[in-house]
Participant: 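Here's a structure for you.
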Amino acid sequence: MRADTTFSDRIILAIDDTSLDKIRWVMRETSPLIRTYKIGSISFTAFGPRLIDEVMSFGKDVFLDLKYFDIPNTVYRAVRQAASFGVKMATLHTLGGREMLKRSLEASDGRVMLLGVTLLTSMDAEEADGVGLRGGVQDIVGRLASLAVQAGLHGLVASGHEVPRLKEEFGGLTIVVPGIRPRERGAPADDQKRVVTPRQAFESGADYIVIGRPVTENDDPARVLSEICDGLRK
Ligand code: C5P
């Protein structure tokens, strides 16, 4: 495991909520341990760009996880807008295809780290097959990853199970792993299927992990985070 970076800088907290009071409470409780908060479609739909402003004026970085998937021109303009907000990272679906990925990269103009979502961690082989993606999870992720790399994206979002193979094949890419469940706390998987523990994710080569409900739905989010960080240092 890499020892040179503080783990908390590599743990991104998903603030998926429609209550601003709850989000503010979570941020106050966790701010000593978190540098980057992830704003996804739940909280962005509820509060829009003012939540980005609020997180940034709190001195934190924003990962805007809206998983863009549309015609190239629409995604180009959306990424341009995201870049103008000053967010650090943003996501788009690699399923959007080569042209959409290339145009997004132009729009990011080197200001935003663009991450391609391969296959959602809530999907297993059966779910993927149901939407016409054949060949098993590893093959599907490999194909989509290679598309992202050819388009020049900065990194990928992938399940911990896929990281070793992706790192081996596409070395320098930044890999962000959601679907994290700290086993020691017996956390339920919720709707996530391909889950890993924080330690498994980092040991497999993740650069960042994204964690949400196991932390934000706990009465003491700071304690859960501290336990995760302590467990990683051992
Ligand atoms: O609450 P939980 O820990 O499951 O949160 C995971 C977060 O990561 C959610 O905000 C979800 O949208 C996001 N995510 C994911 N799978 C991906 C990409 C992002 O679960 N492939």
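The shown structure was predicted, so the numbers you read here are calculated from the model rather than taken from an experiment. We count ligands from 1, going down the list as the structure has it; atoms in each ligand are counted the same way.
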Participant: To the nearest 0.5 Å, what is the distance between OG (Ser43) and CG (Asp16)?
Facilitator: 5.5 Å
Participant: Which ligand 1 atoms, with their elements, are less than 4.0 angstrom from a heavy-atom of Val210?
Facilitator: 7 (C), 8 (O)
Participant: Just which atoms of ligand 1 are under 4.0 Å from any heavy atom in Pro214?
Facilitator: 3 (O)
Participant: Answer with side chain, backbone, both or neither: which part of Thr216 has a heavy atom less than 4.0 angstrom from an atom of ligand 1?
Facilitator: neither
Participant: Asp65 and Thr91: side-chain donor and acceptor closer than 3.5 Å?
Facilitator: yes
Participant: Just verifying a value: how many Å separate Glu162 CD and Thr118 OG1, rounded to the nearest 0.5 Å?
Facilitator: 6.0 Å
Participant: Would you tell me which option among Gly179, Gly40, Pro178 has the nearest heavy-atom contact to atom 8 (O) of ligand 1?
Facilitator: Pro178
Participant: Could you name the option among His93, Glu217, Lys38 that has the heavy atom nearest to atom 13 (C) of ligand 1?
Facilitator: Lys38
Participant: Using a 3.5 Å distance criterion without hydrogens, assess whether the side chain of Gln200 forms a donor-acceptor pair with backbone atoms of Thr197.
Facilitator: yes
Participant: In chain order, what residues pass the salt bridge (Lys or Arg N to Asp or Glu O under 4.0 Å) check against Lys60, with sequence neighbours excluded?
Facilitator: none
Participant: Will you find, in the side chains of Thr36 and Lys88, an N or O donor that is under 3.5 Å from an N or O acceptor?
Facilitator: yes
Participant: Which atoms of ligand 1 are found less than 4.0 Å from any heavy atom of Arg213?
Facilitator: 1 (O), 2 (P), 3 (O), 4 (O)
Participant: Within a distance under 4.0 Å of any heavy atom of Asp16, pick out the atoms of ligand 1 and give their elements.
Facilitator: 9 (C), 10 (O)
Participant: Is Ala158 touching ligand 1 with its side chain, its backbone, both, or neither, if touching means heavy atoms under 4.0 Å apart?
Facilitator: neither
Participant: At a 4.0 Å threshold, what atoms of ligand 1 neighbour a non-hydrogen atom of Gly212?
Facilitator: 1 (O), 2 (P), 3 (O), 5 (O)
Participant: Whether Asp70 and Arg77 form a salt bridge (side-chain N of Lys/Arg under 4.0 Å from carboxylate O of Asp/Glu) is what I want to check.
Facilitator: no
